[in-house]
Amino acid sequence: MWGKLAKWLVVHEAILIILGLVVFVRIPTLFEPYWYGDEGIYLTIGRAMRGGMELYKEVHDNKPPLLYVVAAVAGGREFWFKFMLLLWNLATVGIVWNLALRFAQGKLKFAIVATTVFALLTSIPLIEGNIVNAELFFLLFTVGAMSMAYSGNNLVVAGTMLGLGGLFKTPALIEAMVWPMVWLFSKDKKWFSKSWWWGVGVAIPVALATVYFGMRGTLPEFLTAAGVKLVPYIASWKVSLPLVGSLMGRAVALAGWLGVGWLLRNRLGRNGLILVVWWGAGLFAALLSGRPYPHYLLQLAPVVSLGIGMLVWGGMKERLTFLVTAGITIGAIIGFKFYAYPVFSYYKNFSSWAMGRQSQQEYYRWFNPQVPVNYQISKNIMEGSKPEDRIFVWGDEPMIYAISKRLPAIRFTVKYHIKEFGAEKEVMEILSKDSPRYIVSFGSDEELPGLKGLLQEKYLEERPGIYRRWKE
């Protein structure tokens with residue numbers, strides 16, 4: 001028994017070391033405060049779902065449902081949310097290892113390079129690898145689908161995995177085009193049949209989700225959040241770049257890129273062709289909204305990692321292919337002004353706190369000066385209310401709901417969603433009828449007509465911006 005175990009450990013030594021690296025660099029994430037706005041929304045919605053509130057109808061955000069399910073399983077708590085991400089990321093790294101081995105026909109050095117790059121990109125803060133975002137969850141499904149399709153087996157199952165990724169975030173579905181294009185460009189005689197079963201698999205989770213929300217009576221709200229609202233969201237951001245500055249221009253550029261792939265299909269080789277098509281789809285998805293948020297680039301992490309592996313251990317054609325794609329990617333990052341998060345100071349901040357060289361307040365303040373304020377506000381709310389009491393935060397600080405363990409009085413968790421839906425009147429009608437125990441105001445009261453009058457009539461200001469109801 002011990003001999004078999006020792007042999008297994010020797011064979012899998014490299015991937016075990018990489019997985020150990022992932023755990024090591026992710027340890028600080030388990031001790032992060034509630035500081036990131038989107039995480040605050042997810043955790044608040046997760047807690048609301050556990051409390052029986054109907055997703056999209058009674059509590060709203062603009063993504064498909066599975067990320068909120070994960071937040072609900074985490075109990076709306078930051079630590080468990082991060083811990084689940086750690087385990088999820090370990091599984092994803094394992095799948096990338098398997099795909100890299102297939103990609104390089106068992107070349108261990110290639111797999112080590114590609115998997116290590118992926119592990120770091122998806123774990124360190126540089127492009128928000130430390131944050132619980134949908135990209136880090138759907139990567140398990142998109143990479144898993146790619147790995148299964150690479151062998152040409154179980155295409156329905158592979159497509160279903162990709163469809164599940166789309167239920168974390170819609171841009172994952174853009175990668176559904178990759179294998180049909182690869183089969184077509186490769187002149188695979190079964191490309192239509194393969195594409196059909198692949199497409200059936202992709203459609204299954206989406207169809208089941210549609211049926212589920214239809215039976216719950218929230219289909220319009222689900223479609224609005226998961227798809228309809230995506231269109232104005234994409235259109236609302238302007239980029240001052242020729243051609244690719246508009247969504248239509250980016251679509252034309254993608255079509256042109258695929259056209260080049262078609263012309264060079266015989267020279268690229270199978271891996272080069274996969275890299276070209278997958279990279280094109282991934283970059284288009286990352287630039288879909290035109291916004292420079294770093295976590296969008298996580299969708300490119302698998303193909304970039306494989307490309308770096310090809311650069312180190314591939315042939316001349318594969319290396320040249322990667323250099324071209326890498327150059328365009330760098331140009332896109334610069335042109336769209338993607339920003340990045342500090343890495344060294346992140347770990348320095350954690351180590352200083354862990355070793356007692358700075359206070360918890362200083363540790364929290366590094367993430368955002370507002371963080372200690374939100375914790376103090378939440379402490380006041382917990383001391384002055386019961387767990388079943390509702391609160392309302394007029395501003396974009398949803399972390400207060402999560403920290404205080406109190407549910408929102410309305411279906412929106414942030415000010416910009418209220419503005420986006422033009423729901424000011426709806427919100428004030430609810431607040432006037434069912435006055436929440438606490439109202440926290442970070443914005444101008446005049447931006448929400450009627451709020452100032454409600455506060456004067458029924459609330460006492462405990463601290464600046466924190467109002468407790470005193471009159472029923």
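Keep in mind that what you see is a predicted model, and the values were worked out from it rather than measured.
- The six-membered or imidazole ring of F168 lies away from that of F138, with a centre-to-centre distance of 6.0 Å or more.
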Margin query: I'd like to know whether L287 forms a side-chain contact (heavy atoms from CB on, under 4.5 Å) with L247, so could you lay out the CA-CA distance, the side-chain angles of the two residues, the decisive distance to 0.1 Å, and finally the verdict.
Written below: CA-CA 9 Å; L287 301 178; L247 178 61; over 6 Å; no
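- For the residue pair R319 and M310, the shortest heavy atom distance occurs at CG-O, 3.4 Å.
- Across H60 and A225, no two heavy atoms sit closer than the pair CE1-CB, 4.2 Å.
- Taking CE of M399 as the reference point, atom OG of S404 lies at 11.5 Å (rounded to 0.5 Å).
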Item checked: Trace of the ring pair (Phe, Tyr, Trp, His ring centres under 6.0 Å) decision for Y150 with F103 -> CA-CA 8 Å; Y150 193 88; F103 209 75; 5.7 Å; yes
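- Closest of all the heavy-atom pairs between R406 and D389 is CD-O, 3.6 Å.
- Here the straight-line distance linking atom CD1 of I334 with atom OG1 of T329 works out to 11.0 Å at 0.5 Å rounding.
- Side-chain contact between F442 and V393: present, with at least one pair of heavy atoms (C-beta onward) separated by less than 4.5 Å.
- Side-chain polar atoms of R26 and N89 form a donor-acceptor pair below 3.5 angstrom.
- Listed for the T218 side chain is no donor-acceptor partner under 3.5 Å among the backbone atoms of G214.
- With a 6.0 Å radius and a threshold of 12 heavy atoms from other residues, nucleotides or ligands, W88 has its CH2 atom above the threshold.
- For the pair F137/L66, no side-chain contact is recorded, criterion being any heavy-atom separation below 4.5 Å from C-beta on.
- Under the 3.5 Å distance criterion, the side-chain polar atoms of Y375 are left unmatched by any main-chain donor or acceptor of I400.
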Next item on the list: Decide yes or no on side-chain contact (heavy atoms from CB on, under 4.5 Å) for R102 and N98, but give the supporting numbers first.
Entry: CA-CA 6 Å; R102 292 184 179 185; N98 181 65; 3.6 Å; yes
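- For the pair Y56 and T224, the minimum side-chain heavy-atom distance is 4.5 Å or more.
- The structure places CZ of R437 at 7.0 Å from OG of S385, a figure rounded to the nearest 0.5 Å.
- In this model, no donor atom of one side chain and acceptor atom of the other lie less than 3.5 Å apart for N130 and T29.
- Side-chain contact between T92 and T122 is absent, with no heavy-atom pair separated by less than 4.5 Å.
- Rounding to the nearest 0.5 angstrom, the gap separating the CE atom in M49 from the OG1 atom in T44 is 13.0 Å.
- Side chain of W179 to main chain of W198: no donor-acceptor pair is present (N/O by atom type, distance under 3.5 Å, no hydrogens or angles).
- If you take CD on E362 and CZ on R357, they are separated by 12.0 Å, rounding to the nearest 0.5 Å.
- Exactly one residue among L162, L306, I95, V303 makes a side-chain contact (heavy atoms from CB on, under 4.5 Å) with V143. That residue is I95.
- Between the side chain of S151 and the backbone N or O of M148, at least one donor-acceptor pair lies under 3.5 Å.
- Not counting sequence neighbours, the partners of R411 by the salt bridge (Lys or Arg N to Asp or Glu O under 4.0 Å) test are E426.
- Using the six-membered ring where Trp is involved, F31 and F79 have ring planes that are perpendicular, over 60° apart on the 30 and 60° scheme.
- No hydrogens or angles considered: nothing links the side chains of Y34 and N374 as a donor-acceptor pair under 3.5 Å.
- Considering only heavy atoms from C-beta on, L208 stays 4.5 Å or farther from Y212 through its side chain.
- Between L90 and V93, the closest side-chain pair of non-hydrogen atoms is not below 4.5 Å.
- Counting all heavy atoms, side chain and backbone alike, V244 lies closest to R250 at O-NH1, 2.8 Å.
- Taking the six-membered ring wherever Trp is involved, the centroid distance between the rings of F421 and F412 falls below 6.0 Å.
- Scored by the salt bridge (Lys or Arg N to Asp or Glu O under 4.0 Å) test, E54 finds R216 as partners (sequence neighbours excluded).
- Note: I430 CD1 to I410 CD1 = 6.5 Å, rounded to the nearest 0.5 Å.
- Centroid-to-centroid, the aromatic rings of W366 and Y347 stay 6.0 Å apart or farther.
- Tested against E32 for a side-chain contact (heavy atoms from CB on, under 4.5 Å), the candidates V132, V371, I131 yield a single pass: I131.
- Taking the six-membered ring for Trp and thresholds of 30 and 60 degrees, F392 and W394 have nearly parallel ring planes, at less than 30 degrees apart.
- The environment of K379 atom NZ is sparse: at most 12 non-hydrogen atoms of other residues, nucleotides or ligands sit within 6.0 angstrom.
- Checking Q360 against W353 by side-chain atom types alone, no donor-acceptor pair falls below 3.5 Å.
- Counting heavy atoms from C-beta outward, V312 and F110 have side chains that stay 4.5 Å or more apart.
- Among all heavy-atom pairs drawn from L101 and A111, the shortest one is CD2-CB, 3.6 Å.
- For Y296 and Y293, the ring centers sit closer than 6.0 Å to each other.
- A donor-acceptor pair is defined here as one N or O able to donate and one able to accept, closer than 3.5 Å; no such pair exists between the side chain of S352 and the backbone of N349.
- Summarising the geometry of Y363 relative to P33, their closest heavy-atom pair is CE2-CD, 4.2 Å, with the distance given to 0.1 Å.
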Note to self: Pair K63, Y42 - check side-chain hydrogen bond (donor to acceptor under 3.5 Å, both in side chains), show working.
What the structure shows: CA-CA 10 Å; K63 289 182 179 65; Y42 308 149; 3.3 Å; yes
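- Under the 30°/60° scheme for interplanar angles, the aromatic rings of F367 and W35 are found to be tilted.
- A salt bridge links K82 with E39: at least one charged nitrogen is closer than 4.0 Å to a carboxylate oxygen.
- L407 is listed as a side-chain neighbour of R47, based on a closest heavy-atom distance under 4.5 Å.
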